[in-house]
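Protein chains get the first letters and strands the later ones, always in sequence-line order, with residue 1 at the start of each.
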Number of protein chains: 2
Amino acid sequence: MSIIRKTKSVRLILSAFNDNKDAISIVELINKFNKKMNKTTVYRVLERLEKSSILHSFVGKDGLKRYAKGGKNSNSKKILNSHPHFLCEDCGTSSCIPIDIIIPSIPNYTIKTSEHLLIGQCKNCLS
Amino acid sequence: MSIIRKTKSVRLILSAFNDNKDAISIVELINKFNKKMNKTTVYRVLERLEKSSILHSFVGKDGLKRYAKGGKNSNSKKILNSHPHFLCEDCGTSSCIPIDIIIPSIPNYTIKTSEHLLIGQCKNCLS
DNA sequence: ATCTTATTGCAATTTAGTTGCATTTATATA
DNA sequence: TATATAAATGCAACTAAATTGCAATAAGAT
Ligand SMILES: [Mn+2]
Ligand SMILES: [Mn+2]
Ligand SMILES: [Zn+2]
Ligand SMILES: [Zn+2]
């Protein structure tokens, strides 16, 4: 189940992530590859790469889905220690922040995953 | 600027939040009031109530915007200590979690706000 | 080389959210 | 209370992200 084939589309999309250490929104990828593949293919390739733990995703404050390199739970053990994502208000770029955020357990709730979005200015935009 | 009038629409929407301590998505509100007001009005009333710090909003993992009672920075002082939101995978309900999440400062980034989404099962769905 | 089925392209569709403009209505003030 | 004025609303058209169904293509196993 969920065998991933190394198609031309898969290779192209992976190359975009190798060139760029930041997170990339689906819309950016659709535009970037609008001559190379259909937008539906972009959605489906990203979906497969996420299932295969090659990429992980998060949703920005704008509601747009973004992807970045690596599986979601790199440091397995504690599921709750997921890393936050930074989103620059000025230039729109986003990136993974390699720290752990600890969530205390909350009575009456079972927490399986968490998403943390940090919003502000990146180094480039701090003029 | 941004005077808020107590219109019928405003009262109706506020009543929905008084009946329900959970967060409510815009889509739910549009459906709930589809006989009482236009969807555009729902968007605009919510926008005003948020600006007036009567409601605050966050975006779920599904990309849908949700609103809940109260202003964003109830406990002003530290902007970075914003409360997380819980989202139940099973029943879809979401709610404010009244705890503070502390974000350590990160070199090269200026963080102004943060969003924390906790995903799992709520008490009702833990059968 | 052939077969199987995962993957892709394409067009149509769904859905959330936005915009412009004419009309209505809350509320200040005379 | 009557009037003025600007806020708020309804409506229809629109934008943009994401999804779906299906026929055609291509990766990779045999
Ligand atoms: Mn990440
Ligand atoms: Mn809240
Ligand atoms: Zn920036
Ligand atoms: Zn639940």
Ile99(B) vs His83(B) side-chain heavy atoms within contact, under 4.5 Å: no
Phe86(A) side chain reached by Leu118(A) side chain, heavy atoms, under 4.5 Å: yes
Co-membership, hydrophobic cluster, residues Val27(B) and Leu29(B), 4.5 Å side-chain: no
Spacing between Arg44(A) atom CZ and dT25(D) atom C1', to the nearest angstrom: 13 Å
Listed once per pair and sorted, the side chain to side chain donor-acceptor pair (under 3.5 Å) pairs that draw on residues 27-42 of chain B, sequence neighbours left out: Ser25(B)-Glu28(B), Asn38(B)-Thr40(B)
Nearest-Å distance for atom pair NZ/P, residues Lys65(A) and dA16(C): 16 Å
Sugar-phosphate only, base, or nothing, as touched by Ile30(A) at under 4.0 Å among non-hydrogen atoms: nothing
Integer-rounded Å distance: dG9(C) P and Phe33(A) CZ: 12 Å
His56(B) side-chain N/O to Glu50(B) backbone N/O, donor-acceptor pair under 3.5 Å: no
Close side-chain approach of Phe17(A) and Leu49(A), heavy atoms under 4.5 Å: no
Residue Arg5(B), side-chain atoms from C-beta onward, closest of dA16(C), dA8(D), dA18(D): dA8(D)
DNA chain D contacts among residues 7-19 of chain B, heavy-atom distance under 4.0 Å: Thr7(B), Ser9(B)
Those residues of residues 35-43 of chain A lying under 4.0 Å from DNA chain C by at least one heavy atom: Lys36(A), Met37(A), Asn38(A), Thr40(A), Thr41(A)
Candidate list Ile119(B), Leu117(B), Leu87(B), test side chain to side chain contact (heavy atoms under 4.5 Å, CB included), partner Thr113(A), passing option: Ile119(B)
Interatomic distance, Leu64(A) CG vs dA16(D) P [rounded to whole Å]: 12 Å
Presence of Arg48(B) side-chain N/O under 4.0 Å of dA8(D) phosphate oxygens OP1/OP2: yes
Candidates dA16(C), dA17(D), dT27(C) - which lies nearest the side chain of Val27(A): dA17(D)
Interatomic distance, Lys6(A) NZ vs dA29(D) C1' [rounded to whole Å]: 15 Å
